K.L.:
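Sharing a structure below in structure tokens format, with a few things to ask.
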Amino acid sequence: MDETRATNRGFGRVLVVIYALFAIAATARSVVQLSTKFSEAPVAYLLSALAATIYIVATVALARGDRSSRRVALAAISIELAGVLIVGTLSLAFPTNFPHASVWSSFGSGYGYIPLVLPAVGLWWLQRTWPQSTPE
Amino acid sequence: MTGAFADLLITAGVLVGLWSLVQLVVNRPLGRALRLGVWCLEALIAVFLIGGIVQIMTTDHDFAKLEFVGYLLGMLAIPLAALWWTRTDATRAGTAIIMVIGLVTSILVLRVQHVWAGPHG
């Protein structure tokens, strides 16, 4: 593997740490929510669990950084971006349908909007480190 | 959990973050002194964890105890994981990671205090 284009080198190492922190935070939050008050807001808490899963997958894929992991990271981060945009928009447009916050509610305002910025940075980093095809 | 030791830990986290930021600006990779700073932060967190567990056992205060212990254990694990992740890093990325960890530690202390305050705090 070309070390200079690895997703887990340089800034990529910082990105992996930030994703790992969000994976821990979202997983812990969803475990508590699902185990203690799932019936109160099943949709919001399942969304939290989905967010946690996506953060875990993105963390591992970015940390591995091989060819197949890049594709997995691209898929996970794209779903993450779609999720935060869709859930963020719906939670602001229909607040009564989202009485309990998830990581992605209000575009991640509960986490300083980092959930909104993180996938954009992740996609930028993947694009920047994506291996170039060598001309014959 | 809301006393002087929590304030000390918040300050220590911010100081590690600021120190890392300065190192980052002057283009320094993660050095031995900054690693030592993280170990000092880790020692303070360990004392905070022990103090938190003692307070759980000696209080009848109503709060989310499982969440509280989870935060304390997470606080203890995160700097160790960061030190492991940066163990072979000879670039500024290691310094940036420690900056993030310092600031996250301070935020987690605030979160622990929020959990300690309980639903009616």
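Proteins get letters first, then strands, A, B, ... in listed order; numbering begins at 1 in each. Atom set for the values below is all heavy atoms of this structure, side chains included, hydrogens, waters and symmetry mates excluded. From a predicted model like this one, the values you see are computed outputs, not experimental measurements.
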K.L.:
Given the options Ile78(B), Ile107(B), Asp89(B), Thr86(B), which has more heavy-atom pairs under 4.5 Å with chain A than any of the others?
P.N.:
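Answer, by heavy-atom pair count under 4.5 Å with chain A: Asp89(B).
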K.L.:
Do Ile79(A) and Tyr111(A) sit in one hydrophobic cluster, given that two such residues count as connected whenever their side-chain heavy atoms are within less than 4.5 Å of each other, even indirectly?
P.N.:
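They do share one cluster, since a chain of ILVMFWY contacts under 4.5 Å joins Ile79(A) to Tyr111(A).
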K.L.:
Non-hydrogen atoms of chain A under 4.5 Å away: do they reach the side chain of Leu108(B), the backbone, both or neither?
P.N.:
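Neither part.
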K.L.:
Same hydrophobic cluster for Ile45(B) and Trp19(B), using side-chain heavy-atom links shorter than 4.5 Å among ILVMFWY?
P.N.:
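Hydrophobic grouping puts Ile45(B) with Trp19(B).
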K.L.:
Measuring heavy-atom distances to chain B, does Val31(A) have an atom under 4.5 Å in its side chain, in its backbone, in both, or in neither?
P.N.:
neither
K.L.:
Would you say Ile50(B) ends up clustered with Ile10(B) if hydrophobic residues are merged whenever their side chains have heavy atoms under 4.5 Å apart, either directly or through other cluster members?
P.N.:
no
K.L.:
Who clusters with Leu46(A)? Use side-chain heavy atoms, under 4.5 angstrom, across I, L, V, M, F, W and Y, and order the result by chain and number.
P.N.:
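Noted: Leu46(A) shares its cluster with Leu34(A), Phe38(A), Tyr45(A).
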K.L.:
Looking at every heavy atom in both Val32(A) and Glu67(B), which two are closest together, and how far apart are they?
P.N.:
CG1-OE1, 4.5 Å
K.L.:
Is there any salt bridge (Lys or Arg N to Asp or Glu O under 4.0 Å) pair reaching into residues 90-107 of chain A, and which pairs are they, with sequence neighbours excluded?
P.N.:
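Counting only pairs at least two positions apart or across chains, no salt bridge (Lys or Arg N to Asp or Glu O under 4.0 Å) contact touches residues 90-107 of chain A.
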K.L.:
Quick one: do Val100(B) and Leu21(A) satisfy side-chain contact (heavy atoms from CB on, under 4.5 Å)? Show the steps, please.
P.N.:
CA-CA 10 Å; Val100(B) 171; Leu21(A) 289 170; 3.8 Å; yes
K.L.:
Could you tell me which non-hydrogen atom of Val14(A) sits nearest to which non-hydrogen atom of Ala96(B), and how far apart they are?
P.N.:
CG2-CB, 3.6 Å
K.L.:
Tell me whether Leu44(B) shares a hydrophobic cluster with Leu80(B), the cluster being built from Ile, Leu, Val, Met, Phe, Trp, Tyr side chains joined at under 4.5 Å.
P.N.:
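Yes, because Leu44(B) and Leu80(B) connect within a single hydrophobic cluster, where side-chain heavy atoms sit under 4.5 Å apart.
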K.L.:
For a quick test of reading the model, state the closest non-hydrogen atom pair linking Ala63(A) to Trp85(B) and the distance between them.
P.N.:
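Scanning both residues completely, I find the closest heavy atoms to be CB-CH2, 4.1 Å.
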K.L.:
Any link between Trp84(B) and Leu62(A) through a network of hydrophobic side chains (Ile, Leu, Val, Met, Phe, Trp, Tyr) touching at under 4.5 Å?
P.N.:
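Yes: a chain of side-chain contacts under 4.5 Å links Trp84(B) to Leu62(A).
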K.L.:
Can you name the closest pair of heavy atoms from Ala93(B) and Gly10(A) and give their distance?
P.N.:
CB-O, 3.0 Å
K.L.:
Can you check side-chain contact (heavy atoms from CB on, under 4.5 Å) on Val17(A) and Ile101(B), steps first, answer last?
P.N.:
CA-CA 9 Å; Val17(A) 167; Ile101(B) 296 307; 4.1 Å; yes
K.L.:
Roughly how far, to the nearest 0.5 Å, is OG1 of Thr36(A) from CG of Leu66(B)?
P.N.:
9.0 Å
